[in-house]
Every structure is written in structure tokens, then in C-alpha cells.
Amino acid sequence: MSETVSETIFTKIINKEIPADILYEDELALAFSDINPQAPIHFLVIPKKPITTINDIEEDDKVLVGHLYWVAAQLAEKHGFAQEGYRAVMNCNENGGQTVYHLHLHVLAGKAMGWPPYQDKLKTL
Ligand code: 5GP
């Protein structure tokens, strides 16, 4: 059975029912290290409000989603990688590679990130 948003592991992390390496917390958002890092620095910034995917962002959530990027930038500055740069990305649904259905911003840093993410021959729409 697929996970509903109220059942995701991230809700349990927000509620402190399971441990996480928490880097930042305020009333709107939480940032914590990714359990399976894909870069020397890899953490997630999530809204405390459960939003399933990018597609489920409502008009009232626009400031909240901007806040996630602000938290990412604050942490980049605090941990000294703001100037050298980083990747901040949200995956959406299957083709985007989303596995946890609670909106989250990946922040990856500490090495140069590859681009583009898709290497096959491209067709125009
Ligand atoms: P997605 O694939 O949905 O874009 O990213 C989900 C991320 O959540 C993955 O990078 C995965 O490693 C991370 N993740 C999954 N379960 C846990 C967990 O229990 N704790 C932490 N800290 N990260 C998790």
C-alpha cells in the first residue's frame, strides 16, 4: 500500500517519534541530514505542514515554500558552503525520483554537482 502523507517517515521525524540529525527547526520548517547522503553534505528541508508533492502546493503555501529555500540559504551560510555553491532540488512523483511523499528540499553540497541529470538523447516536446 502506498504511503499517505500523514504516515510518512517525515511526520514521525517532525513529531520526534524517530531520531534524526536535526540542523534547524522553527515553527514552519525542519532541516535534518539525509540518512543516505548523495554528496559530502546532504540534508533535507521540509515544511511541518504535510504537503504531498510539488503538485499539491496551494496558493497559501507560496510563502512557506519560499521559506524552505531561505532555511537552505541560512544553513549554507552557517556551514560555510554558500559561496562555493550547492544544489537545492525537489523531486516530484515517479519520474522526478520522489520516494517520500512529504514535500522536501534536498540540499547537496561539498563537491561539484553533475549537470544535466538526464544524459540520453533529447527529443523536443
Ligand atoms: P526523495 O527520493 O523522495 O526525493 O528523497 C527522500 C529522501 O529521504 C532520500 O534522500 C532518503 O535518503 C531520505 N530518507 C528516507 N527515509 C529517511 C529517514 O528515516 N531519515 C532521514 N534522515 N532521511 C530519510
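Everything numeric here is computed off the predicted structure, so don't read it as measured data. We count ligands from 1, going down the list as the structure has it; atoms in each ligand are counted the same way.
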Practice prompt. Quick one: do H104 and H102 satisfy ring-ring contact (aromatic ring centres under 6.0 Å, His included)? Show the steps, please.
Written response: CA-CA 6 Å; H104 50 282; H102 180 129; 7.9 Å; no
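- Any N or O atom pair closer than 3.5 Å counts here, and A20 shares no such pair with ligand 1.
- The minimum heavy-atom distance between L103 and T53, with the atom names listed, is CD1-C, 3.6 Å.
- By the 4.0 Å heavy-atom criterion, M90 is excluded from the residues contacting ligand 1.
- Numbered from 1 in the order shown, with element, the atoms of ligand 1 that lie under 4.0 Å from a heavy atom of N36 read 12 (O).
- Taking a 4.0 Å cut-off on heavy atoms, I13 registers as neighbouring ligand 1.
- The closest approach between F10 and ligand 1 falls below 4.0 Å for a heavy atom of the residue.
- Taking a cut-off of under 4.0 Å to the non-hydrogen atoms of N91, the atoms of ligand 1 that pass are 4 (O).
- Heavy-atom contacts from other residues, nucleotides or ligands closer than 6.0 Å to CD of E77 number 12 or fewer.
- Atom 9 (C) of ligand 1 has its closest protein heavy atom at D34 OD2, 3.3 Å.
- For K12, the closest heavy-atom approach to ligand 1 does not fall below 4.0 Å.
- Residue L105 is tested with V45, V89, N91 for a side chain to side chain contact (heavy atoms under 4.5 Å, CB included); the sole match is V45.
- Here the protein heavy atom with the shortest distance to atom 3 (O) of ligand 1 is T99 N, 2.7 Å.
- Ring geometry for W70 versus Y24: interplanar angle over 60°, hence perpendicular rather than tilted (30 to 60°).
- Here the closest heavy-atom approach between residue Y101 and residue E94 is recorded as OH-N, 3.9 Å.
- Scanning all protein heavy atoms for the shortest distance to atom 15 (C) of ligand 1 gives V100 CG2, 4.1 Å.
- Taking every non-hydrogen atom of H106 and a distance limit under 4.0 Å, the qualifying atoms of ligand 1 come out as 1 (P), 4 (O), 5 (O), 7 (C), 10 (O).
- In the hydrophobic cluster analysis, where Ile, Leu, Val, Met, Phe, Trp and Tyr join through side-chain heavy atoms closer than 4.5 angstrom, L108 is grouped apart from L44.
- Looking only at heavy atoms of the protein, atom 23 (N) of ligand 1 is closest to I35 N, 3.3 Å.
- Taking a 4.0 Å cut-off on heavy atoms, S33 registers as neighbouring ligand 1.
- Counting protein heavy atoms only, atom 1 (P) of ligand 1 is closest to H104 NE2, 3.1 Å.
- Interface atoms of ligand 1 facing I9, defined by a heavy-atom separation under 4.0 Å, are 16 (N), 19 (O).
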